[in-house]
Amino acid sequence: MIASTDGVSATESATAAGTQAVPTLVQGGMGVAVSGWRLARAVSLSGQLGVISGTAIGVVLARRLQDGDPGGHLRRALARFPNRAVAERIVERYFRGEPRRPGTPYRAVPVPRWRPSRLFTELTVAASFVEVLLAKEGHDGSVGINLLEKIQMPTLAALYGAMLAGVDWVLVGAGIPVHIPAVLDDLARHRPCSLPLTVSGAQPTDDFRMHFDPRLIINERPAPLERPRFLAIISSHVLASHLARSEEGRPWGFVVEDPVAGGHNAPPRGRLTLSDSGEPVYGPRDAVDLEVLRELGLPFWLAGGYGSPAKLREARAQGARGVQVGSAFALCEESGLDAELKDAARREILAARMRIRTDPLASPTGYPFKVAQLAGTAGDPAAVALRRRRCDLGYLTSPYRREDGTLGYRCAAEPVEDYIAKGGEESGADGRMCLCNGLLAAAGMPQVRPGLGAEVPILTLGDEVGEALGAIAPDAGRYQARDVVDYIMSGAVG
Ligand SMILES: Cc1cc2nc3c(=O)[nH]c(=O)nc-3n(C[C@H](O)[C@H](O)[C@H](O)COP(=O)(O)O)c2cc1C
């Protein structure tokens, strides 16, 4: 049950909004694997909304199984997956009985495609089921799943898996998630559904939709699933108004994200201007008009630098239900980031030795992306110079139409000659980083290349994480998700 520290009793807010309570604090969905089930569960246990990241979730399950599934949690959750044959196939393929030896490469997983392989779909559904099931285990609090709109190919499978495990909230950002509400309606009734796929060069007569049929996983007609609430993550009141007025795409509420937030940021409006340090310059046109948000009448949460009691109070004074916080949780014990990376980041931030750069090029999506300038990571030019480009996970590939009408897939971070051969522009490949491999490495699951070593981690954090750190762990020591919740929620009292 949601704590009633916000002046509205838990029962009141639950009744007003339906069967689930409405949180004051939303823990940001952080990919890849930073918001894993342990973090989401800890936050849900504390009475707020824990959110798991659904990004590249199939790879995460496959790699964790290969790392020996310590504690047996993944296999325990897989044993509850509604399709036993699917669960057994996954365990047989990826679980090795004993942890992978250091230096052994992980086994390849199928890549996302318009017409994905059966294994890809099964792995994605099962992985997202496992993550939500474990996050919900042992309490009756709410759990959400976060997905990026720009990563379209795994979306339907990831949503269905999460819903089979009873996910309560779905949060989607980095794009215009207008089709998600209708998909949730379909999946709740186990109906086949589809999502339009953005394909560069597509002709008006082309029909590139992603299709998903729940009968691939469940043969009989089971009882309908709980339909989760949908929050659209937006950085523009114009988009909020558009979604709120759309018949099909109206969300339950919004997360309004400021560009100081960790991860991807919305690009500045208008012509891109860079500062002396090569970072995008945001101006008054980028500010979200909260008056417009308030008039829409839908609940909203503010995100990006809102990880303190004072900022929670400020958000609530502006009419927000509460705040969404990521970075302070990313550096806590339960987050999926590699423990040594977290230790180093806390130390360097508190010693004021680490900058967080808004890199306009790093992400193949073209959106600005925050990169922590930490030695030994992708924020360190020496470490980046050693990496050879490759694309073997493919979550950020963009489909394009070949002349013969078939689909190709290219990523601006793949080897430049491959990208150009697929019609990409050389300038578009400049400075791009492989977020798939880099973020998995930051989560302690780096691919190892024979003769080349392990993939370099990419650490992303918000600009203002220092404030929460200074209050919660001034000695740069380790802390729990509960400490973050207590710190921020102290702003909701009185
Ligand atoms: C490590 C990290 C990874 C993130 N990954 C995602 C993501 O995959 N999807 C998303 O919508 N937001 C992502 N975010 C943004 C958070 O969900 C949240 O909105 C943001 O962190 C809030 O701002 P703060 O960092 O100042 O607390 C990420 C943030 C961090 C720090």
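Predicted model, so just to flag it, every value in this text is computed and none were measured.
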Quick one, [X] and [Y] - any side-chain contact, counting heavy atoms below 4.5 Å?
X    : Y    : result
V371 : L459 : no
S35  : N146 : no
V183 : L195 : yes
W169 : P228 : no
T460 : F369 : yes
V22  : W252 : yes

Go through the structure and list residues passing side-chain hydrogen bond (donor to acceptor under 3.5 Å, both in side chains) with [X], not counting sequence neighbours.
X    : answer
Y306 : none
N437 : D392, R449
S277 : S275, E279
R80  : none

Partners passing salt bridge (Lys or Arg N to Asp or Glu O under 4.0 Å) against D258 (at least two apart in sequence or in another chain): none
Residue list, salt bridge (Lys or Arg N to Asp or Glu O under 4.0 Å) with E122, at least two apart or on another chain: R89, R118
Identified ring pair (Phe, Tyr, Trp, His ring centres under 6.0 Å) counterpart of W114 within the set Y400, F212, F208: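 Running ring pair (Phe, Tyr, Trp, His ring centres under 6.0 Å) over Y400, F212, F208 with W114 returns exactly one hit, F208.
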Under 3.5 Å side-chain donor-acceptor pair for T358 and K370: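 The criterion, which ignores hydrogens and geometry beyond distance, is satisfied for K370 and T358.
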Flag for R250-S246: side-chain donor and acceptor within less than 3.5 Å: no
Passing option when L164 is tested against P214, P82, P222, S128 for side-chain contact (heavy atoms from CB on, under 4.5 Å):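 The option that passes is P82.
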Qualifying residue for side-chain contact (heavy atoms from CB on, under 4.5 Å) with R321, from F300, W301, F254: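 Checked F300, W301, F254 against R321; only one passes side-chain contact (heavy atoms from CB on, under 4.5 Å): W301.
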Pair listing, side chain to side chain donor-acceptor pair (under 3.5 Å) test, anchored in residues 206-215, at least two apart: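 Sorted pair list: S194-R209, D206-R401, D213-R215.
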Looking at residues at least two apart in the chain, or sitting in another chain, which of them share a side chain to side chain contact (heavy atoms under 4.5 Å, CB included) with [X]?
X    : answer
A481 : L39, A42, V43, F329, C332, E334
S490 : P309
H139 : R41, S44, L45, V143
A188 : M163, R227

Any residue meeting ring-ring contact (aromatic ring centres under 6.0 Å, His included) with Y419, in chain and number order, not counting sequence neighbours: none
Assess whether atom [atom1] of [X] is packed by more than 12 heavy atoms of other residues, nucleotides or ligands within 6.0 Å.
X    : atom1 : result
I176 : CD1   : no
E425 : CD    : no
R245 : CZ    : no
E247 : CD    : no

Where G462 and I356 come nearest, the two heavy atoms and their spacing: O-CD1, 3.1 Å
Closest contact, heavy atoms only, G394 versus C436: N-SG, 4.3 Å
Verdict with reasoning, M30 to L337, per side-chain contact (heavy atoms from CB on, under 4.5 Å): CA-CA 10 Å; M30 299 177 281; L337 280 176; over 6 Å; no
R355 side chain vs Q373 backbone, donor-acceptor pair below 3.5 Å: no
Quiz item: cation-pi between R113 and Y409, 6.0 Å / 45°: yes
K311/E467 ion pair, N-O < 4.0 Å: no
